[in-house]
J.: 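My questions all concern the structure below.
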Protein chains: 2
Amino acid sequence: MKKPTNDQTSYHHGDLRAALVCEGMRQLGEEGVGDLSLRGVARAVGVSATAVYRHFPDKDALLSAIAEEGFRMLGQAQRVAFSAAREAGARAFQASGAAYVRFALANPALFRLMFARPTAASRQSDAAAFLRENSAASAPPGVDRGLFALQAWSVVHGLAMLMLDGLAPADDTLIEGVLSATLGPNC
Amino acid sequence: MKKPTNDQTSYHHGDLRAALVCEGMRQLGEEGVGDLSLRGVARAVGVSATAVYRHFPDKDALLSAIAEEGFRMLGQAQRVAFSAAREAGARAFQASGAAYVRFALANPALFRLMFARPTAASRQSDAAAFLRENSAASAPPGVDRGLFALQAWSVVHGLAMLMLDGLAPADDTLIEGVLSATLGPNC
DNA sequence: CCTAGATGGTAACAGCGTCAACATGAAAAA
DNA sequence: TTTTTCATGTTGACGCTGTTACCATCTAGG
């Protein structure tokens, strides 16, 4: 058979690496980052703990892989929101910012994991690239593009974190309000 | 003797709780949050691991106490920067914002710990109170005070996080630039 | 067909957070 | 002063964790 088998009877798993990342992502949806154990993920996938080491050098690498997948999801959420906006330009950019915050609120543990690691491969992430590219469309004239992008990113990231910590109410109207105030009243 | 003894010979420690928080804070300055173990802190203080449980119900409580101390330090850093500013009002408020970011950069692991826990007693923290109180002085007229405070907090918090993760260069000029752009050009 | 290498499992290690049971000593009660 | 009490510290143990060394199995290529 050419396709990888998924039978429980087969000795080899087929695509264990993907299964581990997937299961890890799933467990992040139910518990916090601290409750995520290498052994637990392996157990859930139905494989011995040490099998993980055939695909990841250590636990941290597995977490990084999960985080990387998270960044991919976040980037896509931003792009979807951007495209879905009726008007292009500044308004669409704000929509992508709101999507950023909403993603964090919808996936608290994952979002925390993504940014909780200095080791992370988050540099030059998908989400970051999106922000840098599209912020220019919304930057007011005469303002440094890079500075504006960083400012926008800071606001959405900070707002997401504060709402995640319960330091600000996770209110959709509030998100729009803060973003409008930051990105300029011309929205 | 009326004073608590600090001799290594004495069975009772004197003020173990404070010593544990202090040592935990110290270790946070050298390693990451993940490398901080209850046993390790107890060992460094020269006490058995289970002695910790006379002062904290579990490890999480110890971490929360450390975080709480961190919030106290952060609040003070903001107040100092605010007072040190020559002009009062908006300019001083911006200075306190810059102090917020610099505190995060100076104490990366501590800052991460402070905000990495949904369980944290970070609600109604010292730093938060300061922001809410003093943001009014800098809010442009006609803008909702609460919204402005949240926006300002989001920017400094997000900027701190991004710089901590290496997603933005930890540049002092950059901090001032982003803050100026956000808090209004009237600074 | 057979062999080599990728992918899996077993057993064991030290370290972790935590609990139950016991020891100590300082301060209140006698 | 003597006695008792109770907060504080210790020992030993349990199950769990990440990780390693070594062995088993399957599958692809000669």
Side-chain angles (χ1 to χ4, degrees), chain A residues 1-24 27-28 30-67 109 113 116-117 119-120, chain B residues 1-24 27-28 30-67 109 113 116-117 119-120:
Chain A
M1 40 187 94
K2 299 166 185 177
K3 284 263 185 169
T5 72
N6 266 347
D7 312 3
Q8 294 114 335
T9 61
S10 70
Y11 187 85
H12 288 322
H13 182 280
D15 192 358
L16 183 55
R17 191 197 145 95
L20 290 170
V21 171
C22 177
E23 172 62 24
Q27 291 198 16
L28 270 186
E30 300 189 339
E31 307 163 352
V33 190
D35 302 329
L36 192 69
S37 74
L38 192 155
R39 288 177 112 109
V41 173
R43 211 178 299 132
V45 172
V47 100
S48 83
T50 53
V52 178
Y53 288 84
R54 298 294 152 192
H55 302 270
F56 302 98
D58 54 12
K59 180 187 180 181
D60 208 62
L62 170 59
L63 294 182
S64 290
I66 298 174
L113 170 68
R117 42 201 29 259
T119 321
Chain B
M1 41 189 91
K2 299 166 187 175
K3 283 264 184 169
T5 73
N6 267 347
D7 311 3
Q8 294 114 334
T9 60
S10 70
Y11 187 85
H12 289 321
H13 182 279
D15 192 359
L16 183 54
R17 190 198 145 96
L20 290 171
V21 171
C22 177
E23 171 63 23
Q27 291 198 15
L28 270 187
E30 299 190 340
E31 308 163 352
V33 191
D35 302 329
L36 192 69
S37 74
L38 190 154
R39 289 177 113 109
V41 173
R43 209 179 299 129
V45 172
V47 99
S48 82
T50 54
V52 179
Y53 288 84
R54 298 295 154 193
H55 301 270
F56 302 97
D58 53 12
K59 180 186 181 182
D60 208 62
L62 171 58
L63 294 182
S64 290
I66 297 174
L113 170 68
R117 45 203 25 263
T119 321

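Every chain is numbered from 1 and lettered A, B, ... according to where its sequence line falls, protein lines coming before strand lines. For clarity, every value in this text was computed on a predicted model and none was experimentally measured.
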J.: For A/Arg54 and D/dC26, is the shortest distance between a side-chain N/O and OP1 or OP2 below 4.0 Å?
T.: no

J.: Tell me the interatomic distance from A/Lys59, atom NZ, to C/dC16, atom P, rounded to whole angstroms.
T.: 14 Å

J.: Please state how far atom CG in A/Asp58 lies from atom P in C/dG15, giving the value in whole angstrom units.
T.: 18 Å

J.: Let me confirm one number: the CD-CD1 distance from B/Glu23 to B/Ile66, rounded to the nearest 0.5 Å.
T.: 9.5 Å

J.: Distance check needed: C/dC16 C1' versus B/Glu31 CD, whole Å only.
T.: 15 Å

J.: Determine the minimum heavy-atom distance between B/His55 and B/Leu16, stating which atoms define it.
T.: NE2-CB, 3.6 Å

J.: Rounded to whole angstrom units, what separation is found between the CG atom of B/Asp60 and the C1' atom of C/dG17?
T.: 12 Å

J.: Nearest heavy-atom pair of B/Phe56 and B/Leu20: which atoms, and what distance?
T.: CE1-CD1, 4.0 Å

J.: What verdict does the side chain to side chain contact (heavy atoms under 4.5 Å, CB included) test give for A/Val41 and A/Arg39, after you've listed the backbone C-alpha separation in whole Å, the side-chain angles of each residue and the deciding distance to 0.1 Å?
T.: CA-CA 6 Å; A/Val41 173; A/Arg39 288 177 112 109; over 6 Å; no

J.: Would you kindly give the CG-to-P distance between A/Asp15 and C/dA6, to the nearest whole Å?
T.: 17 Å

J.: When all nucleic acid strands are considered with a 4.0 Å heavy-atom cut-off, which category describes A/Ala51: base, sugar-phosphate, or nothing?
T.: sugar-phosphate

J.: Let me spell it out: for each of B/Leu16 and A/Leu38, pick the nucleotide of DNA chain D with the closest heavy atom. Which residue's pick is nearer the 5' end?
T.: B/Leu16

J.: Is a donor-acceptor pair below 3.5 Å formed from side chain B/Thr50 to base D/dT11, judging by atom type as modelled?
T.: yes

J.: Indicate, yes or no, whether a donor-acceptor pair under 3.5 Å links the base of C/dG15 to the side chain of B/Arg39.
T.: no

J.: With nearest nucleotides of DNA chain D determined for A/Arg43 and A/Pro57 from heavy-atom distances, which residue corresponds to the more 5′ nucleotide?
T.: A/Arg43

J.: Across the strands shown, which category fits A/Arg17 at heavy-atom distances under 4.0 angstrom: base, sugar-phosphate, nothing?
T.: nothing

J.: So what does B/Ser37 touch, heavy atoms closer than 4.0 Å: a base, only the sugar-phosphate, or nothing?
T.: sugar-phosphate

J.: Looking at every heavy atom in both A/Leu28 and A/Ala109, which two are closest together, and how far apart are they?
T.: O-CB, 3.2 Å

J.: Take A/Val47 and B/Leu36, find for each the nucleotide of DNA chain C with the closest heavy atom, and name the residue whose nucleotide sits nearer the 5' end.
T.: A/Val47

J.: Between B/His55 and D/dA7, is there a contact of a side-chain N or O with OP1 or OP2 at under 4.0 Å?
T.: no

J.: Can you see if the side chain of B/Tyr53 gets near the phosphate of C/dC19 - specifically, an N or O under 4.0 Å from OP1 or OP2?
T.: no

